[in-house]
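Input: a single structure, listed below in structure tokens.
Predicted model only: the values in this text are computed from it and were never measured. The first residue of the sequence shown is numbered 1, and numbering continues consecutively from there.
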Amino acid sequence: MAVTKEKLRTQTLSLPEELILMLLNEDNGYFHQVPGWDLNCAVAGAVLAELSLLSRIDTDMESLFLVDKTETGDPALDPILKEIASEPLQRNTQFWIERLAPHAESVIDLTLDRLVALKILEYHDGDFWTLTHTSWETEVYDDSPSGTAGQFIKTRISRAIFMNEIPDPRDIIVICLVNTCDVFRFIFQLDEESEERIQLICKMDLIGRSIADAVSHNLAGPLLRHSSLTKKIPAVPLRKVLFNPHVRKGNIPALFADLAQEYGPVFEIRPPFAKPMIFLAGTRTNRWAHKRGRMYLRSKDYFADFEKVYGASGVMPSLDGADHFRLRKSMSAAYSRRRLEGQLDQLYHHARNHMANWTVGDSYTATNMSRQMVNAQLSPLFVSVDSQDIFDDLAKYKERALLVHIVKMLPKFMLKTPGMKRRAKAVDTLLERIQGVHTPAQRAGCPRNLADDWLSLHASDPQFVPETTLRFQLSAALIASVYLGDAFSFALYAMASQPDLYDRIRGEADVLFDNGDPHGEDFTPSALDVTHRFLMECLRIYPIVPVSIRTVMNACVVEDYELPVGTNIYIAQTATHYMKDIFPDPFTFDIDRYLPPRNEHLNPGYAPFGLGTHTCLGSRWLELQLAVNVLMVAHYFTLEVAPANYKLRFDPLPSMKPSKKLKFRIAGQRRELPV
């Protein structure tokens, strides 16, 4: 019998891969909300089913047998096969589901990686995935239809359910597992007849029945979730916080690293006259927050009062779920490295214009100098206006609002002082300038920028992005100059205080700029070898946003500690940057950490851009702009730390930045700036 196109396509993917594609919800870029343990059991069942179809194991309603221990060559399957082969006693399928469920996360990761490599899925920052058009089909079939792999699989399954086509054994198993996860009602519109058809299909295949029954009757899930097994969260005495040496230096990540070392990955601090604060710190809690946090945590609660300051509601940092993912997808191009690569000529122009104001021999406050230089570039690139004259007011108003409504260190009236009311008017001034230049006639022929994208999204869906949201998003675009500017100030400090690294970065800068301005493709890993690793170490040792705040929306257990619903959780994701078991000798600035075989950044402990769904959308843009600025300074100027004996201290609130005492002295100019 000839192999049909459908049969060949079916065998392109493994059962775990087909299960993942069936469960993927493109509305929110993740899986349909299957409880974590149930998902793990279903994935373990898919692995066992695939091994059975590959004739490595056999199973019935009573037992599971090893048939052939020869490796399959699939990294997601072979560790499971090896574990089954190492078990001396014969066990049933339910035993293996329970035993293998804890391995499901690594199977999911490997499966997602392979689907991305096959160009079936596209990965987005924040651990989101969407379906791509099926290049894997078009390579095999000249006449293959357009669509996606996920659509093809769902079409195949829908035919079995709604058109009474006879499903093959693989489809039966997929239907059994998806039905066990109870998500068919979210994928298809089911009536009583189709639900009966699903139940009938689930009884058609002995392998599928045995595995699906083992998954659905698994007893370990409720046991593992039982709150009686959880431990009491340790409370940190306030004196331990106040007298920690890192507090005096303002080094918040190092403080939390010390506390986690002594009290464990979950601990509580009880400030006077305030609610207790629960902190998560460590690689395992980082991984949990990154992978599982979307199911249990949300961001809108802590952010609500802050966004109201701008008259907004539903801005990107406060959104979760499908709306957040939709907005990220819509705006990803605006914050992308590719967008910046297309505007490098403007970046060079604005950077040089700003540096032309520097005078050899003069000293400048580090934070102000760095923020102003970055804003001189971001303002015209993002919103096509000059905002240098109002930038300080925008930044100070935003920082005061954060201190009042996010950090909650200041009373609310501190945002309504005469000085703050005056600074609040800078937001209106900025919006008037943006609106004045963003008319169709004036934007004709201009490269698209961030303001264009926001205004376009508002025009296409004014309910999703109302004018109130624009007020926040367009002004927040320039607040990026604060975060990027502070990262720049740390990088300049690290470079100026380490002459040997300054020389190595200058060498790369001279190669790139001596023969004219480099293009985007010139910033290759080899061309930026030292500079890139230098900036990675800056982001590790000087993280700008050391803590993320979330609210528990569904009760969960993390590291055997129960997090109650409604609790504010402080995820100290950068505490790991100062844990010596992850980054040996963590207080030493060492750019060789990122070379093989060390590769110390390749773990959840390296988190300068946050974790999970709210991972910084503009991280790739930031990396390139930060590198260009550091290289240009090294190419044209020699900076020195002032005073010469200055020991770095941090101003940690509302975000990390050097203390106001740090200054940079323009010690010399190496070459003239082009006009």
Side-chain angles (χ1 to χ4, degrees), residues 231 233-271 276-290 293 407 486-487 490 493-494 535-550 558-561 563 568-594 598-612 615-616 647-659:
K231 301 182 292 188
I233 297 175
V236 179
L238 201 56
R239 58 180 174 79
K240 284 280 190 177
V241 178
L242 298 177
F243 293 104
N244 185 285
H246 301 302
V247 170
R248 293 190 294 274
K249 296 179 181 178
N251 193 337
I252 297 298
L255 164 67
F256 290 133
D258 281 359
L259 296 180
Q261 179 72 29
E262 184 171 355
Y263 293 93
V266 182
F267 54 87
E268 184 178 77
I269 298 176
R270 297 174 180 173
M277 304 167 70
I278 297 176
F279 289 85
L280 308 183
T283 52
R284 292 195 299 272
T285 55
N286 275 11
R287 182 173 181 82
W288 177 86
H290 188 68
V407 184
D486 292 343
F490 280 127
Y493 167 79
L535 292 175
M536 289 182 71
E537 183 69 342
C538 287
L539 293 169
R540 179 194 72 83
I541 206 166
Y542 312 127
I544 303 302
V545 181
V547 176
S548 302
I549 306 173
R550 298 290 183 268
V558 180
E559 295 294 300
D560 297 328
Y561 297 99
L563 306 182
N568 275 356
I569 301 298
Y570 298 80
I571 305 168
Q573 71 268 5
T574 61
T576 49
H577 291 194
Y578 284 91
M579 292 181 176
K580 60 184 178 181
D581 56 329
I582 305 165
F583 295 99
D585 199 7
F587 293 92
T588 298
F589 196 97
D590 180 6
I591 70 170
D592 291 341
R593 299 180 188 277
Y594 311 104
R598 293 172 66 180
N599 289 327
E600 294 172 14
H601 60 297
L602 299 181
N603 68 73
Y606 186 74
F609 299 116
L611 295 167
T615 299
C616 177
K647 299 297 182 183
L648 182 64
R649 288 179 177 270
F650 302 90
D651 181 353
L653 298 173
S655 58
M656 297 274 284
K657 51 189 172 294
S659 74

With heavy-atom distances below 4.5 Å as the criterion, would you say the side chains of T615 and H290 are in contact?
yes
Check whether any side-chain heavy atom of R598 lies under 4.5 Å from a side-chain heavy atom of D590, and answer yes or no.
yes
message = Would you say that P608 contacts Y542 through its side chain, given a criterion of any heavy-atom pair below 4.5 Å between the two side chains?
response = no
* Asked: Looking at side-chain heavy atoms only, is the closest gap between F256 and V547 below 4.5 Å?
  -> yes
Distance col, row L602:CG vs E600:CD, nearest 0.5 angstrom, shows 10.0 Å
Residues A289 and I571: closest non-hydrogen pair is CB-CD1, 4.0 Å
Backbone N or O of K231 within a donor-acceptor pair of the D560 side chain at under 3.5 Å?
no
Here the gap from I278 atom CD1 to L563 atom CG, rounded to the nearest 0.5 Å, amounts to 6.0 Å
Smallest heavy-atom separation, R270 atom then L238 atom, equals O-CD1, 4.3 Å
OH (Y594) and CG (L535) are apart, to the nearest 0.5 Å, by 10.5 Å
* Would a distance-only check, ignoring hydrogens and angles, find a side-chain to backbone donor-acceptor pair under 3.5 Å from H246 to I252? -> no
All heavy atoms of A235 vs all of Y263, minimum pair found to be O-CE2, 4.0 Å
_Pair F650 and F490, ring centroids less than 6.0 Å apart_ = yes
Taking every heavy atom of D486 against every heavy atom of S655, the minimum-distance pair comes out as OD2-OG, 4.4 Å
**Prompt:** Judged by atom type as modelled, is there a donor-acceptor pair below 3.5 Å linking the side chain of Y493 to the main-chain atoms of P658?
**Reply:** no
Counting only heavy atoms not in Q261, do more than 12 sit closer than 6.0 Å to its CD atom? no
dist N244:CG -> N251:CG (nearest 0.5 Å) comes out at 9.0 Å
Distance col, row I541:CD1 vs L648:CG, nearest 0.5 angstrom, shows 9.0 Å
Correct closest heavy-atom pair for P586 and R593 would be CA-NH2, 3.8 Å
_Between R540 and Y606, is the side chain to side chain contact (heavy atoms under 4.5 Å, CB included) condition met? List the steps._
CA-CA 7 Å; R540 179 194 72 83; Y606 186 74; 3.7 Å; yes
query: Between F609 and L539, is a side chain to side chain contact (heavy atoms under 4.5 Å, CB included) present by the stated rule, with each step listed?
result: CA-CA 9 Å; F609 299 116; L539 293 169; 3.7 Å; yes
Closest heavy-atom pair, I269 versus V241, reported as atoms and distance to 0.1 Å, is CD1-CG2, 3.9 Å
Item checked: Residues Q573 and S548: side-chain donor-acceptor under 3.5 angstrom -> yes
### Message
Treating E537 as the side-chain partner and I591 as the backbone partner, does any N or O pair qualify as donor plus acceptor under 3.5 Å?
### Response
no
Would you confirm whether R550, through its side chain, and I569, through its main-chain N or O, come within 3.5 Å as a donor-acceptor pair? no
**Report entry** Side-chain touch P604/W288, heavy atoms, less than 4.5 angstrom
**Finding:** no
#### Entry: Centroid-centroid distance, F587 to Y578, less than 6.0 Å
yes
Value for OG1 (T283) from CG (N603), rounded to nearest 0.5 Å, stands at 7.0 Å
- Message: If we ignore hydrogens and angles and just use 3.5 Å, is the side chain of R649 paired with the main-chain N or O of R248 as donor and acceptor?
- Response: yes
